Amino acid sequence: MASRHFITLLDLSKNELNALITRAIELKAIQYAGTHYEPFKNKVLAMVFEKSSTRTRVSFETAMAQCGGSAIFLSPRDTQLGRGEPIEDMARVLSSMVDCVMLRTFEHEKLERFAQFSKVPVINALTDFCHPCQLLADIQTYVEHRGSIQGKKVAWIGDGNNMCHSYILAARQFDFSLAIATPAEYRPNAHITASAKGYVSVSTDPVQAITDADLVSTDVWASMGQEEEQKKRVQVFEPYQVNAQMMFLAKPDALFMHCLPAHRGEEVSADVIDGNQSVVWTQAENRLHSQKALLEFLLTKK
Ligand code: CP
Ligand code: NVA
C-alpha cells in the first residue's frame, strides 16, 4: 500500500484531522502524567532542514525520543544534497533506511518530488508555500482554550505567506471563517484562496478583518529567504501591526497566536504577544504533542 504523506492539510480528511487533534490532547495528558508510551520503538525519523528552525527541530526530535524512537538531523551543509545530489535520489536512499522523513525546504515542489520517490511517509516541516504542522498545533491550542473552532471567525493580519496559506486550507478542513488582511501586493496565492470560496475573505483592511474575531493570528513580515526585503516590508506592513488598539476590536475573549519566531514592535506589539490574550507559548509547546499524534497516525495506523 502507498504511504500516506502530510504535505498539506488536504492530505488528511476532515475526520482524520479532527481525530488527530483529539489524540494530540490525549498524548499531552499521557506525557504530563509521566506515563511511558513508546509506539515508535526502533523507528527512525530523518529530518532534512534547508532552513533554520528551533521549534520544529526540537519538537520532532523530542517526539521521537519520548515515544521510544530516534531522529537524525540532516542539513544541506553536511549532506550530499548541498553538493547537488538530486532530491529524487535522496528520497530513494533515505526511504530505504528510515521509517519517516520530515523536510523543510524553500520550494514546495522539491518536497512534492521527494514524496513522489519516497517509500515511507513524508512530512512537510515548512515550505515557501505552507506550514501544515504549525496548524495542527494552532488548532489544538484553540480547542484546548475555547472548544471547537468550527463556525468561529479567525483573522489573519499581515503577509499572505506560507502560514496564511495554511490558515486558508485549515478554514476548509476545520470549517471556520477566515478574514485575511494584507497589503495589496502581498495577498495570498489566488488559486488557494479561490479553492476555499465561502470560507475565506481577502481585503487590505485590518480593522474589518479583526473586528469580532475569535482568534487573531499573524506572522513575521519577512519570511526566511526574504531577508533582503525586510526594510521595504517594514514600511508597507506598518498599518498591519497587531497591537492593543487592534485587539480591542476582536471579541473580548479572543485569543492571539503567532507561530514564532516573532519580531516585537513589528507585526505584533510586546503588550499583545506578552499579554493575557496571547497563547503563543502553549501554541509552541503543542507542536510536540500534535506532531506525536501525526507521527503515530503515519507510522502506526494501518
Ligand atoms: N514555528 C516554527 O516552525 O518555528 P521554527 O522555525 O523555530 O521551527
Ligand atoms: N513565515 C515564516 C514562518 C516561520 C515558522 C517563515 O517562513 O519564515
Side-chain angles (χ1 to χ4, degrees), residues 6-9 24 45-64 71 73-76 101-111 123-142 156-170 178 180-183 186-189 192 215-230 232-234 236-237 240-242 256-264 266-268 273 278-292 294-295:
F6 188 60
I7 307 293
T8 79
L9 287 167
L45 170 74
M47 308 191 299
V48 180
F49 283 96
E50 281 192 344
K51 297 173 175 172
S52 306
S53 169
T54 299
R55 281 145 287 269
T56 305
R57 178 180 176 179
V58 175
S59 54
F60 269 111
E61 204 163 325
T62 304
M64 288 306 292
F73 173 78
L74 300 160
S75 86
V101 184
M102 182 235 79
L103 292 98
R104 171 169 285 195
T105 61
F106 287 92
E107 302 91 350
H108 186 76
E109 180 264 335
K110 197 172 191 176
L111 176 73
I123 297 173
N124 179 353
L126 183 148
T127 65
D128 287 345
F129 182 63
C130 64
H131 193 8
C133 289
Q134 182 66 53
L135 262 291
L136 298 179
D138 292 19
I139 304 298
Q140 179 187 347
T141 307
Y142 189 87
W156 176 267
I157 312 292
D159 191 14
N161 63 10
N162 47 6
M163 276 299 300
C164 178
H165 292 157
S166 293
Y167 264 93
I168 294 173
L169 296 181
L178 178 66
I180 299 170
T182 71
Y186 295 96
R187 287 175 195 265
N189 176 300
I192 194 164
L215 167 63
V216 179
S217 190
T218 189
D219 186 13
V220 288
W221 290 338
S223 286
M224 289 181 276
Q226 299 171 334
E227 288 79 6
E228 75 291 350
E229 297 175 30
Q230 171 75 16
K232 178 186 166 207
R233 282 172 173 258
V234 167
V236 180
F237 281 88
Y240 295 84
Q241 182 186 80
V242 179
F256 172 78
M257 292 194 196
H258 190 309
C259 64
L260 305 177
H263 292 179
R264 287 171 176 76
E266 291 185 19
E267 74 275 6
V268 61
I273 195 167
S278 171
V279 289
V280 297
W281 311 122
T282 307
Q283 187 190 355
E285 179 194 329
N286 283 342
R287 294 292 303 278
L288 171 65
H289 310 295
S290 56
Q291 285 159 201
K292 268 188 195 169
L294 174 66
L295 288 164

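All ligand and atom numbering here is 1-based and tracks the order in the structure. Since we're looking at a predicted model, the values are computed, not measured.
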- Item | Residue shell around ligand 1, heavy atom under 4.0 angstrom | Ser53, Thr54, Arg55, Thr56, Arg104, His131, Gln134, Cys259, Leu260, Arg287

- Heavy-atom proximity to atom 8 (O) of ligand 2 ranks first, among Met163, Gln226, Met224, for Met224

- Item | Intermediate values then yes/no, salt bridge (charged side-chain N to carboxylate O under 4.0 Å, His left out), Asp128 and Lys51 | CA-CA 11 Å; Asp128 287 345; Lys51 297 173 175 172; 2.6 Å; yes

- Message: Does ligand 2 come near enough to Arg104 that some N or O of the ligand is less than 3.5 Å from an N or O of the residue?
- Response: no

- Note on the structure: To atom 3 (C) of ligand 2, the nearest of Asp219, Asn161, Thr56, Thr54 on a heavy-atom basis is Asp219

- Message: Would the distance check show the side chain of Arg104 and the main-chain N or O of Ala125 forming a donor-acceptor pair, the cut-off being under 3.5 Å?
- Response: yes

- Taking only non-hydrogen atoms of Leu260 and a 4.0 Å limit, the atoms of ligand 2 in range are 5 (C)

- Under a 4.0 Å heavy-atom limit, does Leu126 contact ligand 2 with its side chain, its backbone, both, or neither? side chain

- Message: Please enumerate all residues that pass side-chain contact (heavy atoms from CB on, under 4.5 Å) together with Ala170, with sequence neighbours excluded.
- Response: Leu9, Leu135, Phe174, Phe176

- Task: Calculate, to the nearest 0.5 Å, the distance between atoms OH and CD1 belonging to Tyr167 and Ile180 respectively.
- Result: 11.5 Å

- Side-chain touch Met64/Gln291, heavy atoms, less than 4.5 angstrom: no

- Message: I need the full list of salt bridge (charged side-chain N to carboxylate O under 4.0 Å, His left out) pairs touching residues 158-170, with sequence neighbours left out, sorted by first then second residue.
- Response: Asp159-Arg233

- Under the ring-ring contact (aromatic ring centres under 6.0 Å, His included) test, which residues partner Tyr186, sequence neighbours left out? Phe237

- Query: Between CG of Asn161 and SG of Cys130, what distance do you get to the nearest 0.5 Å?
  - Reply: 11.0 Å

- Query: What is the distance from atom CD of Gln134 to atom OG1 of Thr56, rounded to the nearest 0.5 Å?
  - Reply: 7.0 Å

- Please could you name the atoms of ligand 2 that Asn162 approaches to less than 4.0 Å, counting only its heavy atoms? 1 (N), 2 (C), 6 (C), 7 (O)

